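Labels below follow one simple rule: chain letters A, B, ... track the order of the sequence lines, proteins then strands, and each chain is numbered from 1. What you see is a predicted model; the values in this text were computed from it and never measured.
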Amino acid sequence: MEEMPKTYDTAAVEQRMLDKWLEGDYYRRSAGVGDCTVTIPPPNVTGKLHMGHAMDDTIQDTFVRFNRMRGRSTRWILGTDHAGIATQTKVDKKLAAEGISRREIGRDKFIDACWDWTNEYGGFIVEQVKRMGCSVDFSDPHFTMDDDYAKGVRKVFCDWYHDDLIYRGKRIVNWCPHCTTAIADDEAEYKEEDGHLWHLRYPLVEPIDGQDYIVVATTRPETMLGDTGVAVSPKDHDKDKFVGAKVMLPIMDREIPIFSDFYVDAGFGSGFVKVTPAHDPNDFAMGERHGLEKINIFDETAHVVEGYGEFTGMSREECREAVVAWFEEHGLLDHVEDHHHSVMHCYRCDSALEPWLSEQWFVAVDKLKGPATEAVTSGNIKFHPERWTQSYLTWMENLKDWCISRQLWWGHRIPVFYCEDCGWEDALMEDTDVCPKCGGHHVRQDEDVLDTWFSSQLWTFATQGWPDNMELLKGHHPTAALFTARDIIALWVARMIMASTYFLDEIPFHDVVIYATILAKDGTRMSKSKGNGVNPMDLIEKYGADAMRFNLLTLVTNNQDVRFDANIDKKTRELIDSPRTEQARSFVTKIWNASRFVLGNLEGFTPGEPVARTQADAWIFSRLARLSKVVTEGISAYQFGEVARELHNFFWNEFCDWYIEFSKASLRAEGEERLQTQRNLVFVLDNALRLLHPAMPFVTEAIWEHLPKAEGEKPALMVAAWPEPETLASWIDPDAERAVGMLCGVVGAVRSTRARYGISPKQELAVVVNAQPENVTVLEELSSQISVMARVSEFTVAAGAPKPAESAAVVVEGAEVYSVLTGMVDFDAERTRLAKEQKKLAGDAAKFSKKLSNPGFLAKAAPEIVEKDRAKLAEIEDQLARVEAQLAELG
RNA sequence: GGCCGGUUGGCGCAGCGGGAGCGCAGGUGCCUUACAAGCACAAGGUCACAGGUUCAAAUCCUGUACCGGCCACCA
């Protein structure tokens, strides 16, 4: 067996493990009891992974590795998303930098450029996923624009089209004049801005009660060019007299009606609302109700169209200034107020969105809502943490028809064909250039592409052969769980549920796990513009992948966001340090070193079963059995933070700090004692590595290679068997746990006595333990271990042993520990300490006495609680008596 | 406007009905041959505030005050 290197070289080991796993082809496990299929939320091909991905992927990998080790048929499907707008914007920018414009080169060449981009960045992303240790199925990557995937998307469109779930309509959509495309409501972001409320005078055609104009209030004066009405509230009876009258729209000299509509709030502004049906969704709705004309004054880049004289060709901003100037010049600007309001911005390019009237495709959601709601209310799909269920249901309830067409080139082109000759129109699975109705050759395809989310809604099943190869899907759908961020519950999760329930008549996954949003150290969102984002690859480089993963796992609690502890250089934007990741790295190092100790002490080892030779052995086996239960249940319930803490506590505080220390004395012995200790150490380490592996795959796999193995053991820890709680359950031993607890107390007592009196560790002490009878054997059994750990020269233990002269006594549960300090101690300090101890114990005793003399408590509390507290009180009173006896002795 | 989180030792966080925990930082002492990226020991909190429910509240309920997020969008 080759020796383990003294230091753990993360970069080299990680690379070697990746090669090993890939060579062994362990990623996909096809045969097994039960299925664990997980689809990775496909990252956009636009660039690098961020901390959110790192968190998401770590959680998934922990879950997937755990299931693989448990023997489930396991497949974690890898893929990337073509991300329509995002990618197109990036490619546009890249081409622009080379002096090329999209329109110049045309659609086909532009799409080629997008593919080049995809191939470059898609590969980059796969590489990053790999470096994090993610055990995705690398042999079968998917992309939302793959041919087979595209076929699925097309089928969804065609089926919904023919089932009347997809329709085309002229509607107000959120238009981005920069990206020149519509975007969905969910893709619009509101931003608070300081603006103005302009009060404009609109002259009445006929004066009413001597009044010859009314005042409308607007935040967007430029849209007045397209006004076709003025509305008042039906509750605002002062304005009843105006209803039915007409105003002469300034500049345009158009007569437009005044009407009443419930939408209007009489209390806001002037109480008169100018109505521009083509440039505001609410005005559009009013326009529909009152049969108003919809006049579109802007082109696709939000410049004023032909026919508006001096205003034609102006941008929105220029037009606003010009219109306001015109009103001022003509004495029609009543007044201007400051007004704080929110304005929609494009989530991609951040331009202010323009509500714009245009022809778009929509999905009618009415028929999809029911099953998608039912899937969650029935409990078939569960959200973790549970509170997200309500968010989902609220969103589902308020769901409106979904605008799915985008005026882009990069994406799934809408498969609707039109005949220019006879007006035929249909959605087709295969392209055609001949009209099936009239045989004409003037057939054209719709120019628009589909919303990216339209294609990603099929992710759980179009990545698994649907619609052609249903055999692949069998047994792997619904998938086990979806792990994702809360901000795409509506955009993505909900739509996957709708698509899956519609096309497969089943849910896409059983559980939805929402992880916390990762914030920067100061509690704000990590963002590119602020330069406070942390790059997971930098963390891996500095601390290793296992350290990054483990730290991230500790952050998974029920919280909805977490602050990531990392310092970033403001100028270079490079990672300075991440203290908590550094702590996690210490844990990795600890695992490495402890393993090195065990493996370095295996001389003369022969394989054999673990046997609890001492109570210490029984104790660590018992703790291990409990750990396996906690970890197994924890991962199953997605409680990763708790799992990480339990693993850390077991390995560091129990295994390293106590068990390995106990073992040192036994390893110095010879024969059976040494051999059995070696076997026990190997047994515990082996199981601990298995339990740690899903969280920290690299270091555990690397160490495991060095471990002695049973005949026929699996070739890699990654596919080795999980320590199931049931098979370890027989090791659980509460007596041993109690005994070792007492024993640790004895060691601690000597150590703290030593520290209190400033006695050098080199100075050995004589120690006498007066133990309760049932504890005597344990202490005798481990006396040599205790002597090593507490630096004791002479260790005696007996029930009722008298306190030696000039000794310091410490009372612990089940024993009294006397350290002989002849000539070393100032007993005043000892008196003070004991008095403090007495006070604390007396306080505790009073607390419990009070509780136990409360008739309500005795009558109503659970019997085992009462029993436990009685025992506790007895113990405290016993300790108190001993402390008081010692105080009396000191005088 | 509606909904959801948070408020626990100097800092970052766990715990979410039965004696206040973890990790850092700080203190003291140790290079005890696995580990100084370490070990030991000690110190540090009336669990935001006010009511209530309960035999019992950091934990459940109501309200208040600050932080943070999501959804809606009144021109």
Sugar-phosphate only, base, or nothing, as touched by Asn854(A) at under 4.0 Å among non-hydrogen atoms: sugar-phosphate
Base-paired stems that RNA chain B participates in, counting runs of 3 or more Watson-Crick or G-U pairs under 3.5 Å: B:1-7 with B:65-71, B:10-13 with B:21-24, B:27-30 with B:38-41, B:48-52 with B:60-64
Sugar-phosphate, base or nothing in reach of Val788(A), heavy atoms under 4.0 Å: nothing
Touch class at under 4.0 angstrom, heavy-atom based, for Phe272(A) against every strand present: nothing
With sequence neighbours excluded, residues passing ring pair (Phe, Tyr, Trp, His ring centres under 6.0 Å) with Phe550(A): Phe587(A)
What nitrogen or oxygen pairs link the protein and nucleotides 25-31 of chain B at under 3.5 Å?
from, atom 1, to, atom 2, distance (Å)
C31(B), OP1, Lys762(A), NZ, 3.2

Salt bridge (Lys or Arg N to Asp or Glu O under 4.0 Å) contacts touching residues 651-662 of chain A (sequence neighbours left out): Arg623(A)-Glu654(A), Glu661(A)-Lys664(A)
Sequence-distant partners of Glu877(A), side-chain hydrogen bond (donor to acceptor under 3.5 Å, both in side chains), two or more places apart: none
side-chain contact (heavy atoms from CB on, under 4.5 Å) against Arg596(A), all qualifying residues, sequence neighbours excluded: Met4(A), Lys6(A), Trp592(A), Asn593(A)
Lys590(A) to Phe651(A), cation-pi by 6.0 Å centre distance and 45° axis angle: no
Sugar-phosphate, base or nothing in reach of Ala862(A), heavy atoms under 4.0 Å: base
Closest to the Arg580(A) side chain, choosing from G12(B), C74(B), A14(B): G12(B)
Touch class at under 4.0 angstrom, heavy-atom based, for Asp283(A) against every strand present: nothing
Pairs flagged by side chain to side chain donor-acceptor pair (under 3.5 Å) wherever residues 639-648 of chain A is involved - sequence neighbours left out: none
Atom-pair distance (CD on Glu642(A); C1' on C22(B)), nearest Å: 13 Å
Strand-adjacent residues in residues 548-557 of chain A, judged by heavy atoms under 4.0 Å from RNA chain B: Thr557(A)
Qualifying residues under salt bridge (Lys or Arg N to Asp or Glu O under 4.0 Å), relative to Arg563(A), sequence neighbours excluded: none
Residues in side-chain hydrogen bond (donor to acceptor under 3.5 Å, both in side chains) contact with Arg580(A), at least two apart in sequence or another chain: none
Contact pattern, 5' to 3', of nucleotides 34-43 of chain B - B, S or - by protein heavy atom under 4.0 Å: BB-BSSSSSS
Closest nucleotide among G23(B), G18(B), A75(B) to the Ala861(A) side chain: G18(B)
Protein proximity profile, nucleotides 65-70 of chain B - base contact B, sugar-phosphate-only contact S, no contact -, cut-off 4.0 Å on heavy atoms: ---BS-
Value rounded to 0.5 Å, distance of CE in Met789(A) from OG in Ser784(A): 11.0 Å
